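Sequence lines set the chain letters: A, B, ... in the order given, protein chains first and strands last, and positions in each chain run from 1. This structure is a prediction, so every number in the text was calculated from the model and none was measured.
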Amino acid sequence: MATPVTPPRGMRDFLPADKASREHALAVIRRSFAAHGFDEIETPVMEDAARLHSGLGGDNEKLAFAVMKRGLKPADAAAAAESGDLLALADLGLRFDLTVPLARFYATHRAELPTVFRAIQIAPVWRAERPQKGRYRQFVQCDIDIIGESGLLAEIELITATAAALDALGLTGCSIRINDRRILTTLLAHWKVAPELNERALIVIDKLDKIGVDGVVAELGGLGISTADVAETLNGIADAGWNAADSAPPVWLDTDAYADLLALRAAMPGVRLVFDPTLVRGMGYYTGTIFEISHPDLGYSLGGGGRYDGMIGRFLGTDVPACGFSIGFERIVDLLGADAASSENAVVLVYEKGTDSAQLVALKQTLVEQGLRVRLEQRTKNVKALLERAAGAGYGRYAFVGNGAPGEADLEFRSLGG
RNA sequence: GUGGGUAUAGCUCAGCUGGUAGAGCAUCCGGUUGUGGUCCGGAAGGCCGCGGGUUCAAGCCCCGUUACUCACCCCA
C-alpha cells in the first residue's frame with residue numbers, strides 16, 4: 001500500500017452497514033434491560049491509575065492502557081527508570097471493564113441512589129491484548145449490575161434480564177453455565193490446597209472440558225497438588241449436573257451453595273441453566289455465584305458475571321453486596337451477522353448529470369416532508385452497482401429523475417429487492 | 001507473553017523452474033439502451049509491506065523487520 005492507514009491494532013472502523021446493525025442490536029439490548037427495571041448510567045472512559053491497579057481487576061490490570069501524566073520532564077522518566085516503576089509516570093488509565101468504574105461510581109453517588117440500585121452500562125472498554133477472532137483491544141460491554149441486594153433475587157433479575165436480551169436479539173442455542181465460588185473454595189479445601197495456589201489451581205480446573213481429567217491431574221500435580229482422590233473427585237465433577245446431590249452429596253460439594261443454585265434454577269424455568277462445577281472465571285473479586293453465557297458454535301464465552309460482595313467495600317469502607325452480568329457485545333454482533341433490513345420508506349433518487357440542483361433539492365424536500373428518507377445519487381454508467389450499494393445501505397425503493405422539470409408526479413418508484 | 005500463516009491495482013486474488021506487472025469487480029471516458037439495474041469498446045490506476053543479501057537479472061530465493069491474521073495463554 002502506498003499509505004498504511006489502518007486503525008490502531010485491535011481497534012476497528014465501522015462501515016455504515018456494520019454501524020447500523022450494531023446500533024440495532026444495542027437498541028434491542030437497552031430496551032430489554034430497561035424493561036426489567038434497570039437504569040442506564042455513564043462514567044468516564046478513564047479512571048485514576050491507582051484505582052485501576054488496586055488489585056480488583058485481576059489479570060486485566062496488566063492489560064490496562066496507561067495515560068502518562070501531563071508535563072513530564074526527562075528527570076521524571078529517569079527517576080521512574082531508576083526505581084523500576086514505570087507506572088509512576090501514569091496517573092490515569094483507560095478502563096478495562098465496567099465493574100471497577102461502577103464500584104467507584106456507587107461510592108461517589110451512594111446518597112443519591114436507591115437502596116437497591118439496578119444499573120445499566122453500555123460502553124467501550126480497552127485491553128492491550130493480542131487481538132484474534134472474537135478478541136479486540138477496544139470492545140463494547142453491556143453490563144447490568146444490582147448493588148445492595150444480598151439475596152438470590154439479584155441473581156434472578158440479572159439472569160432473567162440477560163436471557164431476555166439474548167432472546168430479543170434472536171440468538172438461539174445459548175445456555176448459561178452457573179457455579180458458585182464457595183463450591184470451588186470447598187473443593188480446594190478438600191484437597192488441602194495452599195491458599196497461595198488457589199488462583200492457579202482454579203485456572204487448571206477451568207480447563208477440565210478442554211484437557212480432560214488426566215490433563216488436569218497432571219497440571220495439578222505440577223503445582224504440587226496430588227491428594228489421593230484428585231482423579232476420582234475430578235471424574236465426579238466432570239459428570240456432575242443438576243443431579244449432583246440427588247443421592248448422598250459428594251464430599252467436595254458445598255451443599256449450601258448448591259442449594260442456592262437449585263433455588264435459582266427453580267425460579268427460572270424458562271432459562272437454560274447448566275450447573276458446571278468447573279466454571280471458574282478469572283476475576284478474583286467474585287465471592288459467590290458466577291455465571292457465563294455459552295454458545296455451542298464458539299470456544300469462548302459471550303458474556304459472564306457473578307457476585308462480588310467485597311468490592312464496593314474497598315471504595316466505601318462498609319461492605320455492600322453486589323452482583324453483575326456482562327454481555328460481550330462484539331461477540332454477539334459477530335454472531336448475528338448483518339441484517340440488511342431495507343425499508344420501503346428509504347428511497348434513492350437517481351438523477352442525470354447536469355440536473356438542476358435547486359430542482360433536485362426541492363423534490364427531495366417534498367419527499368422528506370412526507371416522512372421518507374431520501375438519498376440523491378448521480379447516475380453512473382453502470383447503475384447496477386449504484387443500486388446494489390444503496391440496497392445494502394438499507395434503501396428499499398428507487399426512482400429515476402427525468403431531465404427537464406422533475407416533479408414528484410413524474411417519479412416511478414421501483415423496489416430494490418433485486 | 002508463545003507459535004503458525006499471509007502481505008502484488010480502491011476491493012478479491014492470479015503470477016510457472018528467477019527473465020518487460022496480470023485478471024475480475026469498482027472508478028472514469030466513448031458508444032449502446034432511452035423510463036433505463038443491459039451490452040460493446042477504451043482509459044486510468046502498482047516503491048509487488050519495508051530494509052538488506054544472493055544473482056547478469058528478484059514479485060519469486062535467503063536474512064531481518066513491520067503490519068495483518070489464526071491458534072495458545074488468558075479473556076467479553
Side-chain angles (χ1 to χ4, degrees), chain A residues 1-12 15 29 57-64 95-99 121-144 162 166 174 199-200 202-204 206-207 210-211 215 219 279-284 290-295 298-306 324-335 348-353 377-392 395 397-404 406 409-418:
Chain A
M1 304 303 129
T3 49
V5 278
T6 53
R9 170 197 282 268
M11 306 186 186
R12 297 166 296 164
L15 290 163
I29 293 170
D59 278 354
N60 288 336
E61 288 190 9
K62 295 201 278 278
L63 303 172
R95 62 182 173 217
F96 47 75
D97 71 10
L98 297 176
T99 307
Q121 291 184 92
I122 297 179
V125 303
W126 291 265
R127 292 180 196 170
E129 296 188 274
R130 187 111 153 210
Q132 66 185 67
K133 191 179 183 66
R135 161 175 302 180
Y136 308 97
R137 306 222 297 184
Q138 172 180 323
F139 58 99
V140 169
Q141 289 191 313
C142 305
D143 275 35
I144 42 176
T162 300
L166 295 175
C174 289
E199 285 294 316
R200 290 168 67 190
L202 288 177
I203 288 171
V204 174
D206 193 27
K207 292 194 277 189
K210 283 184 190 167
I211 63 178
E219 290 203 22
L279 177 66
V280 171
R281 296 195 52 75
M283 302 295 107
I290 47 181
F291 24 81
E292 213 165 84
I293 307 169
S294 288
H295 190 276
L298 300 173
Y300 43 75
S301 76
L302 291 174
F325 206 153
S326 172
I327 293 180
F329 180 69
E330 314 298 341
R331 295 178 172 180
I332 300 274
V333 167
D334 287 353
L335 210 55
V348 181
L349 298 182
V350 183
Y351 62 93
E352 297 292 341
K353 188 174 183 176
E377 292 277 10
Q378 180 176 299
R379 188 184 202 281
T380 53
K381 196 77 185 172
N382 186 353
V383 189
K384 189 175 181 178
L386 186 157
L387 294 178
E388 279 176 358
R389 263 198 303 275
Y395 288 83
R397 291 186 299 160
Y398 75 99
F400 287 95
V401 179
N403 261 328
D410 303 321
L411 295 176
E412 187 178 321
F413 284 107
R414 297 172 180 227
S415 172
L416 271 171

Query raised in the report: For A:G134, does its backbone N or O pair with a side-chain atom of A:R331 as donor and acceptor, under 3.5 Å?
Result: yes

Requested in this report: Please state how far atom NZ in A:K384 lies from atom P in B:G37, giving the value in whole angstrom units.
Outcome: 10 Å

Query raised in the report: If each of A:I203 and A:A399 is mapped to the nucleotide of RNA chain B with the nearest heavy atom, which maps nearer the 5' terminus, i.e. the 5' end?
Result: A:A399

Report task. Determine the interatomic distance between C1' on B:C63 and the same-named atom on B:U54; round to the nearest Å. Result -> 11 Å

**Report entry** B:U32 to B:G24 separation - C1' atoms, rounded to the nearest Å
**Finding:** 23 Å

Query - Rounded distance in Å between the C1' positions of B:U17 and B:C11 - result: 32 Å

Query - A:L63 CG to B:C74 C1', straight-line distance once rounded to whole Å - result: 8 Å

**Report entry** Interatomic distance, A:L416 CG vs B:G36 P [rounded to whole Å]
**Finding:** 14 Å

Restricting both atoms to N or O, compile the protein contacts to nucleotides 40-46 of chain B shorter than 3.5 Å, with distance only.
none

Query raised in the report: Taking A:V125 as the fixed residue, which of A:L98, A:V140, A:T99, A:N60 is the one that meets the side-chain contact (heavy atoms from CB on, under 4.5 Å) rule?
Result: A:L98

Report task. For A:K207, answer base if it contacts any base atom (sugar-phosphate contacts may also be present), sugar-phosphate if it contacts only those atoms, and nothing otherwise; contact means non-hydrogen atoms under 4.0 Å. Result -> sugar-phosphate

Query raised in the report: Taking atom P of B:G1 as reference, at what distance in whole Å does atom CD of A:E61 sit?
Result: 18 Å

Query raised in the report: Quick one: A:R389 CZ to B:G37 P, roughly how many Å, whole number?
Result: 16 Å

Query raised in the report: Given atom CG of A:D334 and atom P of B:C70, what is their separation to the nearest angstrom?
Result: 10 Å

Query raised in the report: Side chain of A:R130: nearest nucleotide among B:C70, B:G36, B:U27?
Result: B:C70

Requested in this report: Check each residue of residues 131-141 of chain A for a non-hydrogen atom within less than 4.0 Å of any atom in RNA chain B, then write out the ones that pass by number, or none.
Outcome: A:Q132, A:K133, A:G134, A:R135, A:Y136, A:F139, A:Q141

Query raised in the report: Quick one: A:E412 CD to B:G37 C1', roughly how many Å, whole number?
Result: 14 Å

Report summary line: A:F325 meets the ring-ring contact (aromatic ring centres under 6.0 Å, His included) criterion, sequence neighbours left out, with A:F291

Query raised in the report: Quick one: does NZ or CZ of A:R135 land under 6.0 Å from the six-membered ring centre of A:Y300, within 45 degrees of the ring axis?
Result: no

Report task. Would you classify A:E292 as touching base, sugar-phosphate or nothing, given that sugar-phosphate means primed atoms plus P, OP1 and OP2, and contacts are heavy atoms under 4.0 Å? Result -> nothing

Could I get a table of every N or O pair under 3.5 Å where one atom is in the protein and the other is in nucleotides 65-67 of chain B?
none

Report summary line: Relative to its sugar, using the 90° cut-off around 0, the base of B:G36 is syn

Report task. Just call it for A:R127: base, sugar-phosphate, or nothing, with non-hydrogen atoms closer than 4.0 Å on any strand. Result -> base

**Report entry** Pairwise C1' distance for B:G36 and B:G31, with rounding to whole Å
**Finding:** 16 Å

Report summary line: Closest of B:U35, B:C75, B:G37 to the A:N382 side chain is B:G37

Requested in this report: Using the P atom on both, measure B:G45 against B:G10 and round to a whole Å.
Outcome: 11 Å

Report task. Runs of at least three consecutive Watson-Crick or G-U pairs, both distances under 3.5 Å, are what I'm after; which ones involve RNA chain B? Result -> B:1-7 with B:66-72, B:10-13 with B:22-25, B:27-31 with B:39-43, B:49-53 with B:61-65

**Report entry** Results of ring-ring contact (aromatic ring centres under 6.0 Å, His included) for A:F139 - residues two or more places apart only
**Finding:** none

Query raised in the report: If you look at every strand shown and take non-hydrogen atoms under 4.0 Å, does A:D97 touch a base, only sugar-phosphate, or nothing?
Result: nothing

Report task. Mind calculating the distance between CG (A:L15) and C1' (B:A26) to the nearest angstrom? Result -> 15 Å

